[in-house]
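What follows is one structure encoded as structure tokens, with my remarks underneath.
Both backbone and side-chain heavy atoms feed into the values below; hydrogens, waters and symmetry mates do not. None of these values were measured; they are calculated from a predicted model.
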Amino acid sequence: MKALVLAGGAGSRLRPITHTSAKQLVPVANKPVLFYGLEAIRDAGITEVGIVVGDTAAEIEAAVGDGSAFGLQVTYLPQDAPRGLAHAVLIARGFLGDDDFVMYLGDNFIVGGISGLVERFRTERPAAQIMLTRVSDPRAFGVAELDGQGRVVGLEEKPARPKSDLALVGVYLFSPAVHAAVAALKPSWRDELEITDAIQGLLDRGHRVASTVISGYWKDTGNVTDMLEVNRLVLEGLEPSVRGTVDAASELIGRVVVEEGATVAGSRVVGPAIVGAGSTVRDSYVGPFTSIDRDCTVIGSEIEYSIVLRGASIDGVGRIEVSLIGREAEVTPAPRVPKAHRLVLGDHSKVQISS
């Protein structure tokens, strides 16, 4: 079995962070989301991986390299523009050959990995195997319809009137039968080749499509809210470790990681939290579910349930919560100015001002 990892999306929902960084490389617990997916693929016993890349190809390739750091053999597959998930399968045809494969969206996060799913696929050998989860607004997802026995009978991409609340999760497993279905596709109303249409094509041809309904351990990290939630999930499993410097005036409470070269002085850090290599936390409070990346400074400030990316600085800020702070960003207090009312009043006006 091979793996096809999609890492070519623009990441519009994470802007402005993704104006300067690939969305798959935004870190949670100080590690890019994409790396968690690659490790899950490796742990499932898959070593040959094709990564579909777009405008951020150079950044993805610089981060992943040849894959050897993950125990993988990586082939990069350029895609000229995002043209749908099935288009990624189409351009990867030569790499995939006649092998089974798992398709993994590079900005998705599956707590617990995919080893069990891969093993089930290898045992049961359906033409395709999909993962489903219940969502509050299925109109934003690919949606599956099941019959009374729980069998997949239909799929639709971002339907205006969904037939169920079961959304497709960004991990799919396919046999080579999917290639004929993909080759027969025409662009959808979104002008994309939809993977949901390809899976529907398998059903129409009489192939079996297996499904698993999951709950509570999948996230699409395409927006800030879900990125922070994934950060929380990962930090929940943190093992405390102090390899940096923590002075006697500081207090570490709970599961806290202080990486090598980091300094904590005169501060309280309440875990789960991580302070990255080369970072400095001084006279500050770092609260639970906070990840501070490499070479950051947090001075005279409070921060909780947030992600701080490489090289950012926070100085003299009273309280920051539920935030994603980009690389090399600077956060400081606003200058104090006298309070005043500025008025442009017409003739015969009456104004009441509460002082």
Side-chain angles (χ1 to χ4, degrees), residues 5-15 17-18 23-24 26 28 33-34 36-37 40 82 84-86 88-89 102-114 116-117 120-121 126 128-174 188-190 192-203 209-234 236 289 305 307 322 324:
V5 176
L6 277 56
S12 58
R13 292 178 295 159
L14 271 176
R15 290 174 181 162
I17 298 295
T18 49
K23 65 176 180 176
Q24 299 84 5
V26 176
V28 292
V33 171
L34 176 62
Y36 291 98
L85 303 187
V89 176
V102 55
M103 184 168 75
Y104 197 115
L105 274 59
D107 60 349
N108 275 226
F109 186 89
I110 310 291
V111 177
I114 61 170
L117 296 164
R120 178 187 168 189
F121 180 83
Q129 184 172 306
I130 58 177
M131 296 173 63
L132 306 172
T133 190
R134 299 191 184 279
V135 296
S136 57
D137 185 6
R139 293 173 299 175
F141 300 89
V143 176
E145 181 184 2
L146 307 183
D147 66 12
Q149 286 72 48
R151 293 174 298 201
V152 181
V153 295
L155 298 104
E156 193 174 1
E157 185 65 30
K158 295 181 173 60
R161 295 178 178 83
K163 295 179 181 178
S164 81
D165 61 352
L166 292 171
L168 275 76
V169 173
V171 178
Y172 310 76
L173 294 104
F174 292 111
S188 67
W189 60 272
R190 301 194 305 157
E192 294 187 359
L193 297 182
E194 309 287 2
I195 199 65
T196 47
D197 291 343
I199 300 170
Q200 182 64 53
L202 290 172
L203 290 170
V209 174
S211 68
T212 302
V213 178
I214 65 172
S215 61
Y217 63 94
W218 163 75
K219 284 292 180 183
D220 172 356
T221 61
N223 61 61
V224 173
T225 299
D226 285 341
M227 181 71 70
L228 291 171
E229 175 64 7
V230 169
N231 190 61
R232 183 190 70 80
L233 289 170
V234 176
E236 285 279 16
F289 309 118
Y305 198 82
I307 299 173
V322 195
L324 175 60

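Closest of all the heavy-atom pairs between G113 and A40 is CA-CB, 4.1 Å. Closest of all the heavy-atom pairs between V143 and P138 is CG2-O, 3.3 Å. Of all non-hydrogen atoms in F121 and P126, the two that sit nearest each other are CE1-O, 3.4 Å. For the pair V33 and G106, the tightest heavy-atom approach, listed with the atom from each and the gap, is CG1-O, 3.7 Å.
In this structure, CE on M103 lies 11.0 Å from CD1 on I130, to the nearest 0.5 angstrom. Between the CG atom of D197 and the CD atom of E192 there is a distance of 11.0 Å, given to the nearest 0.5 Å. Interatomic distance, OG of S188 versus CD of E156, reported as 11.0 Å (0.5 Å rounding). The distance from atom CG of L324 to atom CG of L228, rounded to the nearest 0.5 Å, is 6.5 Å. A distance of 10.0 Å separates CG of L173 from CZ of R120, quoted to the nearest 0.5 Å. Taken from CD in Q24 to CG in L6, the straight-line distance is 9.0 Å, to the nearest 0.5 Å.
When side chains are defined from C-beta on, L85 counts as touching L105, because their heavy atoms get closer than 4.5 Å.
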Audit row: L132, L146, side-chain contact (heavy atoms from CB on, under 4.5 Å) steps and yes/no: CA-CA 11 Å; L132 306 172; L146 307 183; 4.2 Å; yes

Test log, rule side-chain contact (heavy atoms from CB on, under 4.5 Å), inputs V89 and Y172: CA-CA 11 Å; V89 176; Y172 310 76; over 6 Å; no

Verify side-chain contact (heavy atoms from CB on, under 4.5 Å) between V5 and L34, making sure each step is shown before the conclusion. CA-CA 9 Å; V5 176; L34 176 62; 3.7 Å; yes

Assess the residue pair F289 and E229 against the criterion (side-chain contact (heavy atoms from CB on, under 4.5 Å)); give the C-alpha distance rounded to whole Å, side-chain angles, the decisive distance to 0.1 Å, and a yes or no. CA-CA 9 Å; F289 309 118; E229 175 64 7; over 6 Å; no

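At least one donor-acceptor pair under 3.5 Å links the side chain of Q200 to the backbone N or O of L155. Between the side chain of Q129 and the backbone N or O of L117, at least one donor-acceptor pair lies under 3.5 Å.
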For residues 162-171, tabulate all N or O donor-acceptor pairs below 3.5 Å that involve a side-chain atom, not counting sequence neighbours.
| residue | atom | partner | partner atom | Å |
| --- | --- | --- | --- | --- |
| S164 | OG | A144 | O | 2.4 |
| S164 | OG | L166 | N | 3.1 |
| D165 | OD1 | R134 | NH1 | 2.8 |

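In this view, Y36 and F109 satisfy the ring pair (Phe, Tyr, Trp, His ring centres under 6.0 Å) rule, not counting sequence neighbours.
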